[in-house]
Amino acid sequence: FQPHRNDMTAGGIAHKVGMYRVGYWKLQEKTTYKRVYADDGSGKYTHPKRPDNISKQKGESYFCPLEITGSRTHDKNGKPKFSLMALFRDEVIPRLTRLQQEIVRKLTAKYGGLHHVIIRYQEDGAGPHRDRTFVDFLETEFRRLGWMLKRQPSNSPITNIMDYWVFPVLSKIISANQGLSNGSNPLEGEQ
């Protein structure tokens, strides 16, 4: 967010740095079937192998979500994880650096003189954000770049614009689009 006249209450310009789907696409190795419970209320179930009961078809791709971690890219068994440290090192910090340079260039072109732009990044206290290796990396990089890093309690909508405004608005947009494109029916699986 780039405030007008350096005043957060005067509005400003929002700059999207990135939105990331946390996972990867994988090919289904065998056809799987949905669980169907017995009508007698016993809790017993079967997986009828019928075309109308296919959950995932062999050879089709499906999305596999990843666990978000602070710094680990894999668990001890080699299962992949989504590392915030790798994301910041490879994507977020380079994009913020380019954004900072672009804003300085635009300010200089418009007003002349020298301008200094400080990136201020805020994150909540979710578990992956407290990973010591990730925290040390971020603090070192932000200090080196002369940027500000702010932390807040997790689930704190009063101090977090994402919890307070962005996520609820995204939810409403997605729900509206889902209703328009899917006849108001909830999406299932990978739809």
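Computed from a prediction, not measured in an experiment: that's the story for all the values here.
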Got a sec, which residues hit side-chain contact (heavy atoms from CB on, under 4.5 Å) with Tyr33, two or more places apart in sequence or on another chain? Thr31, His47, Lys49, Asn53, Ile54
For the atom pair CG (Leu27) and CD (Glu29), what is the distance rounded to the nearest 0.5 Å? 8.5 Å
Side chain to side chain donor-acceptor pair (under 3.5 Å) filter on Tyr20, not counting sequence neighbours, yields Arg95
Would you please name every residue forming a salt bridge (charged side-chain N to carboxylate O under 4.0 Å, His left out) with Asp136, sequence neighbours left out? Arg132
Yes or no on side chain to side chain contact (heavy atoms under 4.5 Å, CB included) for Arg130 and Arg151, after CA distance, side-chain angles and deciding distance? CA-CA 10 Å; Arg130 294 189 318 260; Arg151 304 207 187 285; over 6 Å; no
Lys106: what forms a side chain to side chain donor-acceptor pair (under 3.5 Å) with it, not counting sequence neighbours? Glu102
Using a 3.5 Å distance criterion without hydrogens, assess whether the side chain of Asp40 forms a donor-acceptor pair with backbone atoms of Ser42. yes
Nearest heavy-atom neighbours spanning Thr73 and Ser83: CG2-CB, 3.8 Å
Partners passing ring-ring contact (aromatic ring centres under 6.0 Å, His included) against Phe137 (at least two apart in sequence or in another chain): none
Qualifying residues under side-chain contact (heavy atoms from CB on, under 4.5 Å), relative to Asp52, sequence neighbours excluded: Arg50
Give the cluster check for Tyr111 versus Val104: same hydrophobic cluster or not, with ILVMFWY residues linked at side-chain heavy-atom distances below 4.5 Å. yes
Side chain to side chain contact (heavy atoms under 4.5 Å, CB included) evaluation trace for Thr97 with Trp147: CA-CA 10 Å; Thr97 301; Trp147 296 353; 3.5 Å; yes
Sequence neighbours left out, what passes side-chain contact (heavy atoms from CB on, under 4.5 Å) with Thr140? Give chain and number order. Arg143
State yes or no: do Leu145 and Val17 share one hydrophobic cluster built from I, L, V, M, F, W and Y residues joined by side-chain heavy-atom distances below 4.5 Å, directly or via other members? yes
According to side chain to side chain donor-acceptor pair (under 3.5 Å), who are the partners of Ser71, at least two apart in sequence or on a separate chain? Asp131
Between Phe63 and Trp25, what is the ring plane arrangement, given parallel below 30°, perpendicular above 60°, and tilted in between? perpendicular
Out of curiosity, Lys81 NZ to Glu67 CD, how far, rounded to the nearest 0.5 Å? 3.5 Å
Nearest-0.5 Å distance, NZ of residue Lys79 to CG of residue Leu66: 8.5 Å
Are there over 12 heavy-atom neighbours, none belonging to Leu114, within less than 6.0 Å of that residue's CG? no
Spell out, yes or no, whether Ile119 and Met85 are grouped together once hydrophobic residues are joined by side-chain heavy atoms under 4.5 Å, including indirect joins. yes
Residue list, salt bridge (charged side-chain N to carboxylate O under 4.0 Å, His left out) with Arg144, at least two apart or on another chain: Glu141
Can you check side chain to side chain contact (heavy atoms under 4.5 Å, CB included) on Lys150 and Arg120, steps first, answer last? CA-CA 7 Å; Lys150 297 293 180 186; Arg120 180 188 187 276; 3.3 Å; yes
Considering all heavy atoms of both residues, which atom of Pro80 and which atom of His74 are nearest to each other, and what is their separation? CA-CD2, 3.6 Å
Kindly determine whether Met148 and Ile118 satisfy side chain to side chain contact (heavy atoms under 4.5 Å, CB included), including the steps that lead there. CA-CA 7 Å; Met148 296 171 60; Ile118 297 174; 3.9 Å; yes
List the residues meeting side-chain contact (heavy atoms from CB on, under 4.5 Å) with Ile68, not counting sequence neighbours, and say none if there are none. Val22, Phe82, Leu84, Pro128
Taking transitive links into account, so neighbours of neighbours count too, which hydrophobic residues share a cluster with Tyr45 at under 4.5 Å side-chain distance? Tyr37
Can you name the residues that form a side chain to side chain donor-acceptor pair (under 3.5 Å) with Asp39, not counting sequence neighbours? none
Does one hydrophobic cluster hold both Leu96 and Leu87, with members joined at side-chain heavy-atom distances below 4.5 Å? yes
Please report the interatomic distance CD(Glu123) to CG(Leu138), rounded to the nearest 0.5 Å. 5.5 Å
If we ignore hydrogens and angles and just use 3.5 Å, is the side chain of Gln100 paired with the main-chain N or O of Val117 as donor and acceptor? yes
Would you please indicate yes or no on a ring centroid separation below 6.0 angstrom for Phe142 and Phe88? no
